[in-house]
Amino acid sequence: MFPNMFPLTSGQLPLGTLPIMPVQAMTQQATRHARRVYVGGLPPEANEQTVAIYFSHVMASIGGNTAGPGDAVVNVYINHEKKFAFVEMRSVEEASNAMALDGIIFEGAPVKVRRPSDYNPSLAAALGPSQPNPNLNLAAVGLTPGSTGSLEGPDRIFVGGLPYYFTEAQVRELLESFGALRGFDLVKDRETGNSKGYAFCVYQDLSVTDIVCQALNGIKMGDKTLTVRRANQGTQQPKPEQESVYMHAQQQIALQKMILQPGGLPTKVVCLTNCVNLDELRDDEEFQDIFEDMRLEGERFGSLLSVVIPRPQPNGEPSPGLGKVFLEYADIESSSKARAGMNGRKFGGKEVVATFYQENMYAEGLYDG
């Protein structure tokens, strides 16, 4: 009725019409938070070009390029004042692979590789892998998967209050309820090789760090209470989008607690700790007395097949399982009676800790499990 009421100027869109963004552009924008990585600790002379060339080259070297031929890096933004950069990759998968490059040497200095602050784990989960490919050839660029060298930075987790009878495999299994580990170190006594009751770890997906701290801190494991926090700062609360991961992990922890209680799952082998003195083990006569006492005590509970008590090496080299006593029984009924009967008893003035030990490791002479 009023054709000239809203005249259109040249190039103007009709009322109610919105500009159409290409589908590819919308996809790039939606995935951008998951395609970028934060790179911190850059040297002052770094610029966009050198960073882009370096990370494209490194990604190709480790086999991290999954979006086809060409450079993995499509854009770099550098904050020269604070010495960090945002490196944008072609794909979500390539960005996740780049997370394995934390600690890599760039122009003579190690740099930190992290997720940016706008990274949304719940949204990213639907866009592609959130973890680096485990088959990346990190050795090609001087990195070692799972090495303690990667156990640095603000996302390093301290895990204290671990029962001494927890094996390295058991601690790893507990921690891996939350995801793959980039680095792990169970601290052990240099002389005996036994656990000191605490460990450090870093996750491949750094966004679960605070989830782990909240979920595990204060949990009872056997006769101990875990202390779990960031190694260099206080605990933080998980973000709302991390709650689903947290709930799933809690279920896994409940299962792990059942398995990791004193004794663990029953086997035919019982491992005793805190019952022998290293000086007594060095003396041949005293060692024979201890061995005979252990054999007689072990036979009280059933058919005992073998006894192993590792001794210190004459040359001072580490002796696997030093400080432990292993009792192998013919059946689980006997070993279960032995574990229940000997755990907590006093032997030589010490309170013995008795746990089950993996039969295959015992058979192969692996006493440090």
Participant: Under a 4.5 Å side-chain heavy-atom rule over Ile, Leu, Val, Met, Phe, Trp and Tyr, are Phe86 and Leu42 clustered together?
Facilitator: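 Shared cluster, no.
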
Participant: Arg114 and Ser207: side-chain donor and acceptor closer than 3.5 Å?
Facilitator: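 On atom types as modelled, these side chains do not qualify, holding no pair under 3.5 Å.
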
Participant: Look at the side chain of Arg35 and the backbone N and O of Glu88, then say whether any donor-acceptor pair between them is shorter than 3.5 Å.
Facilitator: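 No: the side chain of Arg35 does not pair with the backbone of Glu88.
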
Participant: Please check if the side chain of Ser336 supplies one atom and the backbone of Glu333 the other of a donor-acceptor pair under 3.5 Å.
Facilitator: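 No; judged by distance alone, with no hydrogens or angles, the pair does not exist.
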
Participant: Verify whether the ring centers belonging to Tyr362 and Tyr357 lie closer than 6.0 Å.
Facilitator: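 When the ring centroids of Tyr362 and Tyr357 are compared, they turn out to be at least 6.0 Å apart.
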
Participant: Classify the ring geometry of Tyr198 against Phe200: parallel below 30°, tilted from 30° to 60°, perpendicular beyond 60°.
Facilitator: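 Answer is perpendicular, since the angle exceeds 60°.
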
Participant: Do NZ/NE/NH1/NH2 and the carboxylate oxygens of Lys268 and Asp331 come within less than 4.0 Å?
Facilitator: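 No, Lys268 and Asp331 are not salt-bridged.
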
Participant: Please determine if Arg90 and Asp71 form a salt bridge, counting it only when a charged side-chain N lies under 4.0 Å from a carboxylate O.
Facilitator: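 No, no charged N to carboxylate O under 4.0 Å.
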
Participant: Taking NZ, NE, NH1 and NH2 as the nitrogens, is one of them in Asp118 or Arg32 under 4.0 Å from a carboxylate oxygen of the other?
Facilitator: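 Salt bridge absent between Asp118 and Arg32.
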
Participant: Give me the atom names and distance for the closest heavy-atom approach of Glu48 to Val76.
Facilitator: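 The pair with the smallest heavy-atom distance is CG-O, 3.3 Å.
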
Participant: Give a yes or no on whether Tyr38 and Val92 share a hydrophobic cluster (residues Ile, Leu, Val, Met, Phe, Trp, Tyr; joining criterion: side-chain heavy atoms under 4.5 Å apart).
Facilitator: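 Different clusters: Tyr38 never reaches Val92 through Ile, Leu, Val, Met, Phe, Trp or Tyr contacts under 4.5 Å.
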
Participant: In this structure, are over 12 heavy atoms from other groups packed under 6.0 Å from Glu45 atom CD?
Facilitator: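 Counting other residues, nucleotides and ligands, CD of Glu45 exceeds 12 neighbours.
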
Participant: Nearest heavy-atom pair of Ala100 and Leu136: which atoms, and what distance?
Facilitator: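 Closest approach of Ala100 to Leu136: CB-CD1, 3.9 Å.
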
Participant: Is it true that a side-chain atom of Arg339 and a backbone atom of Thr355 form a donor plus acceptor pair closer than 3.5 Å?
Facilitator: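 No; zero donor-acceptor contacts below 3.5 Å.
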
Participant: In terms of the angle between their ring planes, are Phe106 and Tyr54 parallel, tilted or perpendicular, with boundaries placed at 30° and 60°?
Facilitator: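 Rings of Phe106 and Tyr54: perpendicular, over 60°.
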
